[in-house]
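Input: a single structure, listed below in structure tokens.
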There are 2 protein chains.
Amino acid sequence: MPRARTTFHELTVGQVAERSGVAISALHFYERKGLIRSTRTTSNQRRYSRDTLRRVAFIRTSQNVGIPLAAIKQALDQLPSERTPTREDWTRLSKGWRVILDARIAQLHALRDTLDDCIGCGCLSLRACHLRNPRDVLGRDGAGARRLPPPSERQEAQSPNGSWE
Amino acid sequence: MPRARTTFHELTVGQVAERSGVAISALHFYERKGLIRSTRTTSNQRRYSRDTLRRVAFIRTSQNVGIPLAAIKQALDQLPSERTPTREDWTRLSKGWRVILDARIAQLHALRDTLDDCIGCGCLSLRACHLRNPRDVLGRDGAGARRLPPPSERQEAQSPNGSWE
DNA sequence: ACTTGACCTCAACCAAAGTTGAGGCCAGAG
DNA sequence: CTCTGGCCTCAACTTTGGTTGAGGTCAAGT
């Protein structure tokens with residue numbers, strides 16, 4: 001059985017897939033979308049540096065919170081491209097993410113704490129109810145649905161730092 | 001300008017759309033999927049009872065938390081179909097939802113609190129890290145990706161009560 | 001009577017996030 | 001040397017959650 005040879009710091013796509021729990025096809029996809037990068041061997045096989053595992057972990061956990069790949073990409077684009085990211089690089093990135101996570105958490109708390117009330121209270125003016133519009137994030141941009149993704153994507157997609165479109 | 005006539009307890013699709021902030025096309029879609037129901041006038045127009053506003057609010061807020069429509073439908077299917085749901089019906093439903101919200105919140109907390117650590121700690125064994133697998137929900141079902149939706153859908157899609165899908 | 005706005009259906013299209021399959025290359029074990 | 005497992009590309013397909021548009025009905029206001 002032919003084993004792919006890799007140097008200590010290089011991983012094959014199969015290894016990344018196994019260690020990250022992500023399908024190879026998804027890794028190819030992420031690469032096409034620019035979320036991860038690889039070098040190629042002389043025979044055109046991908047080789048990943050180990051920090052790719054972190055990138056992938058970051059991608060999956062962020063998706064878990066409902067953040068679309070395009071936004072995740074923008075965050076990852078802040079990492080240095082021509083050197084291996086340092087702990088500080090990652091920490092800076094994750095600080096930004098904390099803001100988003102905090103916002104999500106707050107939103108969920110509001111939701112949870114209001115659900116019973118709102119259901120029970122008889123208020124039919126759901127437009128005003130902060131269950132529907134938990135943090136008044138929306139509220140501008142009059143009635144209309146010109147191709148907005150469902151709320152999860154839409155929610156803080158342009159939120160705290162305003163940097164992601 | 002022809003104004004649609006409605007009795008006190010009936011709403012047109014346009015009214016529901018406006019009051020709920022959801023596009024008419026989305027309401028049609030939800031109806032096709034069985035998440036909401038309508039009666040028809042003699043001229044085949046939809047009329048919604050007022051509790052539809054709650055159903056729609058419930059749908060949108062649940063989507064916001066990343067729950068797929070199919071699962072939301074299963075929850076809504078627990079409401080009585082041949083009478084207007086009472087406060088108690090809704091409260092029972094929302095109690096079930098709390099469990100899910102609580103799980104999500106816990107997951108987010110774990111994520112948030114671990115992110116810096118995990119990034120900084122130098123642990124490369126990301127498979128073991130609970131950032132990647134926050135509540136050990138996954139972990140069975142060996143390597144493989146046979147058409148799984150992204151983690152958000154997958155996460156507690158069969159979680160606390162085990163009832164959905 | 002006629003027009004206008006709100007509604008109807010149905011089919012086609014869209015985007016995101018991948019998966020699947022066909023066809024082909026390459027390297028190491030037997 | 002050949003076979004096999006792992007990798008490659010590219011195109012097509014999938015699901016979810018809708019939107020858009022064409023073509024048609026109906027009822028109220030003028």
Side-chain angles (χ1 to χ4, degrees), chain A residues 1-6 10-18 21-36 38-48 56 59-60 62-64 66-73 143-154 157 165, chain B residues 1-6 10-18 21-36 38-48 56 59-60 62-64 66-73 143-154 157 165:
Chain A
M1 60 287 275
R3 276 243 151 274
R5 282 277 114 238
T6 54
E10 303 243 278
L11 297 165
T12 68
V13 69
Q15 288 168 339
V16 174
E18 205 210 334
V22 167
I24 292 180
S25 62
L27 294 173
H28 287 179
F29 179 75
Y30 295 154
E31 192 169 331
R32 276 203 309 287
K33 293 286 177 171
L35 284 105
I36 58 178
S38 63
T39 56
R40 299 297 180 112
T41 65
T42 53
S43 61
N44 199 36
Q45 293 196 356
R46 286 170 179 83
R47 285 300 178 271
Y48 294 99
V56 174
I59 292 165
R60 298 305 274 201
S62 301
Q63 282 193 294
N64 231 317
I67 297 165
L69 283 187
I72 298 170
K73 172 172 163 35
R146 42 259 163 290
R147 186 164 303 287
L148 284 179
S152 34
E153 267 80 296
R154 181 162 104 228
E165 151 37 335
Chain B
M1 60 289 276
R3 275 242 149 274
R5 282 275 118 240
T6 53
E10 302 245 279
L11 296 165
T12 67
V13 70
Q15 287 167 339
V16 173
E18 205 210 334
V22 167
I24 292 179
S25 61
L27 294 173
H28 286 180
F29 179 75
Y30 295 154
E31 193 169 329
R32 276 205 308 288
K33 293 287 176 170
L35 285 105
I36 58 177
S38 63
T39 56
R40 299 299 180 109
T41 64
T42 53
S43 61
N44 200 36
Q45 293 197 357
R46 286 169 179 83
R47 285 299 179 270
Y48 295 99
V56 174
I59 292 165
R60 298 304 274 200
S62 301
Q63 280 192 296
N64 231 319
I67 297 165
L69 284 186
I72 299 171
K73 172 171 163 39
R146 44 258 159 290
R147 186 164 303 287
L148 285 178
S152 33
E153 266 82 295
R154 181 163 102 228
E165 164 49 304

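Below, chains carry the letters A, B, ... as their sequence lines are ordered, and counting in each starts from 1.
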Which nucleotide in [options] has an atom nearest any side-chain atom of [X]:
X        : options                  : result
Phe29(A) : dT9(D), dA17(C), dG17(D) : dA17(C)
Val13(B) : dC7(D), dC7(C), dT9(C)   : dC7(C)
Gln63(A) : dC7(C), dA27(D), dA17(C) : dA17(C)
Leu69(A) : dG18(D), dG18(C), dT9(C) : dG18(C)
Gln45(B) : dC7(C), dT19(C), dT19(D) : dC7(C)
Asn44(B) : dA17(C), dC7(C), dT9(C)  : dT9(C)
His28(B) : dT9(C), dG18(D), dT20(C) : dT9(C)
Arg40(B) : dC7(C), dT9(C), dC7(D)   : dT9(C)
Thr12(B) : dG18(C), dC7(C), dT9(D)  : dC7(C)
Ala23(B) : dG18(C), dT19(D), dC7(C) : dT19(D)

Exercise. What are the two closest non-hydrogen atoms of Lys33(A) and Lys73(A), and how far apart are they?
Worked result: O-CD, 3.2 Å

Seminar exercise, completed: Tightest non-hydrogen contact, residues Leu27(A) and Val13(A), listed as CD1-O, 3.7 Å

So, do [X] and [Y] sit near enough that their side-chain heavy atoms are less than 4.5 Å apart?
X        : Y        : answer
Ile36(A) : Val16(A) : no
Arg40(A) : Arg46(A) : yes
Val22(B) : Tyr30(B) : yes

Specify the separation, in whole Å, of atom [atom1] of [X] and atom [atom2] of [N].
X        : N       : atom1 : atom2 : result
Leu27(B) : dT9(C)  : CG    : C1'   : 16 Å
Lys33(A) : dG18(C) : NZ    : P     : 10 Å
Ile36(B) : dG18(D) : CD1   : P     : 11 Å
Glu18(A) : dG5(D)  : CD    : C1'   : 15 Å
Tyr48(A) : dC7(D)  : OH    : P     : 10 Å
Ile72(A) : dA17(C) : CD1   : P     : 7 Å
Ile24(B) : dA6(C)  : CD1   : P     : 9 Å
Arg47(A) : dA27(C) : CZ    : C1'   : 11 Å

Problem set entry | Earlier contact from the 5' end, DNA chain D, for Ser43(B) and Ala70(B) | Ala70(B)

Under-4.0 Å side-chain N/O to phosphate OP1/OP2 contact, [X] with [N]:
X        : N       : value
Arg60(B) : dG18(D) : yes
Arg32(A) : dA16(C) : no
Arg46(A) : dC8(D)  : yes
Tyr30(B) : dG18(D) : yes

Exercise. Considering heavy-atom distances to DNA chain C, does Thr42(A) or Ala26(A) have its closest nucleotide positioned more toward the 5' end?
Worked result: Ala26(A)

For this session: Find the distance between CG (Leu35(A)) and CZ (Phe29(A)) and round it off to the nearest 0.5 Å.
Result: 8.5 Å

